[in-house]
2 protein chains.
Amino acid sequence: MTDNLTLEDIARLAGVSRSTVSRVINEQESVSDEVRQRVRQVISETDFRPNQAARTLVTRRTYVIGLVIPRSTSTFFADPYFPRLTMGIAEACNRANYSLSLYLFHTEEDEKRLFPRITRKGLVDGIIIQATQAADVLFTQIAKSDVPYVVAGRPLNAPNVSYVDVDNVAGAHNAVRHLIRLGRRKIAHIAGPRDTTVGLDRIEGYCKALSESGLAIDENLTAECDFTEEGGYYSARRLLAQKPDAIFVGADMMAIGAMRAVREAGLRVPKDIAIVSFDDLPPATLSNPPLTTVRQPIRRLGLKLVETLLDIIENGPTPPRRVIFDTELVIRESCGERR
Amino acid sequence: MTDNLTLEDIARLAGVSRSTVSRVINEQESVSDEVRQRVRQVISETDFRPNQAARTLVTRRTYVIGLVIPRSTSTFFADPYFPRLTMGIAEACNRANYSLSLYLFHTEEDEKRLFPRITRKGLVDGIIIQATQAADVLFTQIAKSDVPYVVAGRPLNAPNVSYVDVDNVAGAHNAVRHLIRLGRRKIAHIAGPRDTTVGLDRIEGYCKALSESGLAIDENLTAECDFTEEGGYYSARRLLAQKPDAIFVGADMMAIGAMRAVREAGLRVPKDIAIVSFDDLPPATLSNPPLTTVRQPIRRLGLKLVETLLDIIENGPTPPRRVIFDTELVIRESCGERR
DNA sequence: AATGATCTTGGGAGCGCTCCCATTTCGGGG
DNA sequence: CCCCGAAATGGGAGCGCTCCCAAGATCATT
């Protein structure tokens, strides 16, 4: 068990040549049944495992894909979004017999030091990279290293790039329209950072719904913050001064924070203030009241990212692939009834 | 940029030999400053990256460690525990210049098919594996493949194995003692599965605290379930029939569920029923009321796991390393005041 | 000026695999 | 019974690197 067997050893034991053993392992046709069986026997008896590095050296394939999560990780993993996405990606990798390497960057220094390692040949066959403002620097590096890659979420300043995203504009639009339909007229928005497309797109959907219904867009009704519970809390406190009758919040975690602020102000959800948010992660069901929220198909996002990346690995990066998933408004209690 | 440079190419461009370039890259001493600089220049001009597979083939080191999360992943990533642990592990990997490969198994079939791949030579230098009942089968496999490994959490039936865990017995003991100190006398327990050491150890701590204080141990006051919010909810509903005045819950997520059940029964936390739980994950702060809970040093757990694994890789698996971290009771509102 | 000792450099060998081409084996038709 | 094409098998070359040993350069010492 502690030995270091090679193809040659197996060949000797089975009384055949190295090439034949290789053929058996790689399930190629032209091997007689009798020989194939004998070799298989020896392989299982010796518990032989071919050396992956040697294979990679000649085939130029590692069967590993990298998942890169740029800086601001701290925010990331506090949010259940990323674990979910990771699960979807891992599931697809398992299915395709790929390994998944996780690169969580904590600091800019991490990125500077580690990123070149990733794009080194022989480490990964391709990369899935999360779109963030911090990622923008990495895009140029990654592009020039010609490692195949695909972006999770729409990148901000990167044309000709393949990505998989959800339709944030339509999702937000739909959510706000729902609030309007229910009779709310002074709808505030707690937005994600404006230097992310997620933040921008949801603002766009929000504005679109307002103007379609002839409602004024008031700059003071939009607050911008990061995707944390804390951020939502403080943003809501600020917005409450404007006396809105509803808030469209750009993420579930922020909505949890916002509801805390509303409660502390002595107001009630949904009676005084209706709330609709985005994501539909577990906290949305558990909160009190449960959140009406725009569901993202996170698992499918993960699966599609892997599928797209493998396609790019196989067939090259042109033309850029773009996949946009639809969202679905899940109605619970935080938005209230029609007035 | 699209070329496939080798050491030999760099050597030619710099007017030196392959060996010298190798020395420069591996930061070995005996290279004159002038030559070193010239080679570095060429490397950065050409953006050369050495081929990792070729290196691995000769050095027998991949600089990759694998994180294996056995089946029941679905539970895992719904719980913020694993993302946190993963972050700690990733941080330590970054620091040590290792890559982290994530193996999330969803089904038993995954394990059967994928696990042999992982223990294949040339894929990882070592493995961190989460202790679960499902992991037990894997231990034997992993052990006989002689890939270095370390277990996260105390494994159930595995002597001579290295692991890193927190002191679950002491943590639970301390939590329950706190409830007793506050004047509670009929303390129920919602336990994790009895086929995990986490479940068992916390039960042990619970019983220990009761008997120390001369309180009877009533089987009907302990409910067992998985680590989910739902599980906590239904367990609490069952336990409420016994009219306890406190519940020690084996995990924050279950405590959230338990509080929901208590609320629905028209009782109040902590007035009617005091609650103390285990983990101190973000939901513990966000819940209403905030949870008194036993804090686990999850990040440190992750760092130590990597440190231990690297030690084993370097110096061999004997003697087995065992690290047990202390926990800390974080007092918030769910346990109430002294009666 | 010659001699070691030390520092620097070059090239061969080999890691374990896949791929290609050459060779052997086999079976059926003339 | 021989010949030829197809199927099965073997072995060389080479992937890009590290490691080792030998050779060349450099310098102080006698």
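Residue numbers begin at 1 in each chain, while the letters A, B, ... track the order of the sequences.
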- Report yes if at least one side-chain N or O of B:Thr56 is closer than 4.0 Å to OP1 or OP2 of D:dC17; otherwise report no. no

- Task: Send over the distance from B:Ile10 CD1 to D:dT18 P, rounded to a whole Å.
- Result: 13 Å

- Message: Quick check for you: among C:dT9, C:dG16, D:dC17, whose closest atom lies nearest to any side-chain atom of B:Asn51?
- Response: D:dC17

- Query: A:Leu7 has an atom CG; how far is it from atom C1' of C:dC15, in whole Å?
  - Reply: 13 Å

- May I ask you to check whether over 12 heavy atoms, not counting those of A:Gln28, lie within 6.0 Å of atom CD? yes

- Contact class for B:Arg60 (heavy atom, under 4.0 Å): base, sugar-phosphate, or nothing? sugar-phosphate

- Message: Does A:Ser19 reach a base, just sugar-phosphate, or nothing at all? Heavy atoms under 4.0 Å.
- Response: base

- Between B:Arg55 and A:Thr20, which is nearer to the 5' end of DNA chain D once each is assigned its nearest nucleotide? A:Thr20

- Query: Under a 4.0 Å N-O cut-off, is there an ion pair linking B:Lys304 with B:Glu307?
  - Reply: yes

- Task: Would you kindly give the CD-to-P distance between A:Glu8 and C:dC15, to the nearest whole Å?
- Result: 10 Å

- Tell me whether the OP1 or OP2 atom of C:dT8 has a side-chain N or O from B:Ser30 closer than 4.0 Å. no

- Query: What integer distance in Å separates B:Leu57:CG from D:dG14:P?
  - Reply: 17 Å

- Query: Can you check the B:Arg23 CZ to D:dC21 C1' distance for me, whole Å?
  - Reply: 11 Å

- Sugar-phosphate, base or nothing in reach of B:Thr6, heavy atoms under 4.0 Å: sugar-phosphate

- Salt bridge flag under 4.0 Å for residues B:Arg12 and B:Glu8: no

- Answer with base, sugar-phosphate or nothing: what part of the nucleic acid does B:Ser32 contact at a heavy-atom distance below 4.0 Å? sugar-phosphate

- Message: Check whether B:Tyr63 forms a cation-pi arrangement with B:Arg61 (NZ or CZ under 6.0 Å from the six-membered ring centre, at most 45° off the ring normal).
- Response: yes

- Message: Between P on C:dC17 and CZ on A:Phe48, what's the gap in Å once rounded to a whole number?
- Response: 4 Å

- Task: Could you check A:Ala54 against B:Ser17 and say which one's nearest nucleotide on DNA chain C is further toward the 5' end?
- Result: B:Ser17

- Message: Over all strands shown, is A:Thr59 touching base, sugar-phosphate only, or nothing at heavy-atom distances under 4.0 angstrom?
- Response: sugar-phosphate

- Rounded to whole Å, CZ of A:Arg12 lies from P of D:dG11 at a distance of 13 Å

- Rounded to whole angstroms, how far apart are CG on B:Asp33 and P on C:dT9? 10 Å

- Nucleotide nearest B:Val58 (side chain, heavy atoms from C-beta), chosen from C:dG14, C:dG10, C:dG16: C:dG14

- Item | Sub-4.5 Å side-chain heavy-atom contact between A:Val124 and A:Tyr149 | no

- Task: Answer yes or no: does a side-chain N or O of B:Asn26 lie under 4.0 Å from OP1 or OP2 of D:dT18?
- Result: yes

- Between A:Arg113 and B:Asn97, do the side chains contain an N or O donor and an N or O acceptor separated by less than 3.5 Å? yes

- Message: So, under a plain 3.5 Å distance rule, would you say the side chain of A:Arg18 forms a donor-acceptor pair with the base of C:dT18?
- Response: yes

